[in-house]
Amino acid sequence: MNNFQLPNLPLPSPLVGSEIGSFTEFTVTQRMPNIARRVIKENKFTTEINQNLEKLAAELPNGYLQPLKNDTGADFHDWEKYLEPYKNQRWVDVPWFFAETYFYRLILNITNYFQHGEWQGVDPFLLQKEQGLEAAIDAIISLCTQVQQWLNESKKAGKPSKSSLIALLYFALWGNRVDLSLWSAFEDNRSNFDIQTQLNNILVDDSFAVSKLLAKSENNRIDFVVDNAGFELICDLCLVDFLLGSGFANQVYLHLKPHPTFVSDAMIKDVYATKDFLAAGSHPDVKSFVQRLSKNLDSGKLILTEDYCWTSPLPFWQIPQSLKDELAKSNLIVVKGDANYRRLLGDVYWDYTTNFADIVAYLPAPMLALRTLKSEVAAGLKAEVLEELAILDPQWLTNGQWGVIQLVDLGI
Ligand SMILES: O=P(O)(O)OC[C@H]1O[C@](O)(CO)[C@@H](O)[C@@H]1O
């Protein structure tokens, strides 16, 4: 395990909502209030709960963080510690990643998610997660058919196909465009896009290096720090299916969220709901995909695990030692999505050309980030690429049109 416990560079300042004109400001003062109001619209909570959700929405632009009442959640005392340095501060003045992560935890506090009673365990974002799946059915069928073909080819060739693996990395990357917290801000359906035409929108592409890393050994364990439910989760499950079926991996762990957050982030229950949704379909390639998924789950080749660390506001380098020790057993840690990418970098203003490996030098195993850019945090980009992007697409950092496939392999 490498001896760095932190990025080996001085930390820049964090993104905050008070940055006038920034996407962060837009998120804290407009998107997050809209997300809270959508929870009211999409559920049948009591008047009192809805009034408290509206109060939260109204206080975000200029108001102060409200305390967390003890809702018996397993992470309640941890949140008391996290909140200490930010008590009585305005939402726009605390670090954005803290504000956003706390915002989603507060929604569960207000809707009594953890407390015994009518609303215990009710996922306030369930409707959007279900709509996400229904909207993507055509893309799901074509992806399952493609995976079946790639598995057959690998079997016939007697070795796992690197090109098929790379193609599925692209699907897993672009599946990340389809995150519901962003949908509410931009478009209504992003799953019907053509992956191949997206290749030129990948700003860093280490996919070939990933295929070489995994081809080095047959008994790879691969850990996914998962992001969204819905179509993105299906892209991830198809990648997992191929990794296990082709021999690139003999065990895969999915690290999932212990409670609803960031609107569409996936929990263990969402994996089973996705499997059930697919099992209800009639397409033969989808049915055989579901059979393989069930077999991998039953045999322990695919492990679903959750940890409150993944819903904490902590940067990645502060994950508990026990989790670091667990991840140290992995041959490759795949980190999905924008919010997790922000955690990797600590959600601070790195110069976008900063060497990615100098920041993410603290992980106990090789790490692959698959992220579509939806926030003003980036690293590892070439100066000439930045110059081109500024002209080509001034919104490149936040519109979800651009992606990175960044591998850090410190030869640990
Ligand atoms: O699902 P993902 O890819 O983590 O995206 C969620 C991210 O997108 C946003 O909703 C928009 O930037 C952020 O607030 C959050 O970090």
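Indexing begins at 1, ligand by ligand and atom by atom, following the structure's order.
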Classify the contact between [X] and ligand 1 as side chain, backbone, both or neither, using a heavy-atom distance cut-off of under 4.0 Å.
X      : result
Trp96  : side chain
Asp227 : side chain
Glu100 : side chain
Tyr341 : neither
Lys336 : neither

- Message: Below the 3.5 angstrom mark, is there an N/O of Thr27, backbone or side chain, next to an N/O of ligand 1?
- Response: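 In this structure, Thr27 places no N or O atom under 3.5 Å from an N or O of ligand 1.
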- Taking both backbone and side-chain atoms of Phe23, is any N or O found less than 3.5 Å from an N or O belonging to ligand 1?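 Looking only at distances, the answer is no, because the N/O contact criterion of under 3.5 Å is not met.
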With no hydrogens and no angle check, just 3.5 Å: does a side-chain donor-acceptor pair link [X] and [Y]?
X      : Y      : result
His255 : Asp307 : no
Asn399 : Gln395 : no
Glu54  : Asn50  : no

- Message: Between ligand 1 and Asn228, can you find any atom pair, the residue atom being a heavy atom, that is separated by under 4.0 Å?
- Response: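 Yes, Asn228 has a heavy atom closer than 4.0 Å to ligand 1.
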- List in chain and number order the residues that pass side chain to side chain donor-acceptor pair (under 3.5 Å) with Asp347, two or more places apart in sequence or in another chain; answer none if no residue qualifies.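 Scan of Asp347 (side chain to side chain donor-acceptor pair (under 3.5 Å), adjacent residues dropped) gives Arg342.
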- Set of side chain to side chain donor-acceptor pair (under 3.5 Å) partners for Thr353, sequence neighbours left out: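 Counting only residues at least two positions away or on another chain, Thr353 forms a side chain to side chain donor-acceptor pair (under 3.5 Å) with Asp351.
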Using a strict 4.0 Å cut-off to heavy atoms of [X], name the atoms of ligand 1 that fall inside it.
X      : answer
Arg31  : 9 (C), 10 (O), 11 (C), 14 (O)
Ala339 : 2 (P), 4 (O), 16 (O)
Arg342 : 13 (C), 14 (O), 15 (C), 16 (O)

- Query: Among Val28, Asp338, Asn399, whose heavy atom sits nearest atom 7 (C) of ligand 1?
  - Reply: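 Closest candidate by heavy-atom distance is Asp338.
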- Query: Is the number of heavy atoms from other residues, nucleotides or ligands within 6.0 Å of CG (Asn88) greater than 12?
  - Reply: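 Result for CG/Asn88: open.
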- ring pair (Phe, Tyr, Trp, His ring centres under 6.0 Å) assessment of Trp91 paired with Phe98: CA-CA 9 Å; Trp91 284 95; Phe98 177 88; 8.0 Å; no
- Message: Between Asp75 and Tyr82, is the side-chain hydrogen bond (donor to acceptor under 3.5 Å, both in side chains) condition met? List the steps.
- Response: CA-CA 10 Å; Asp75 59 352; Tyr82 302 145; over 6 Å; no
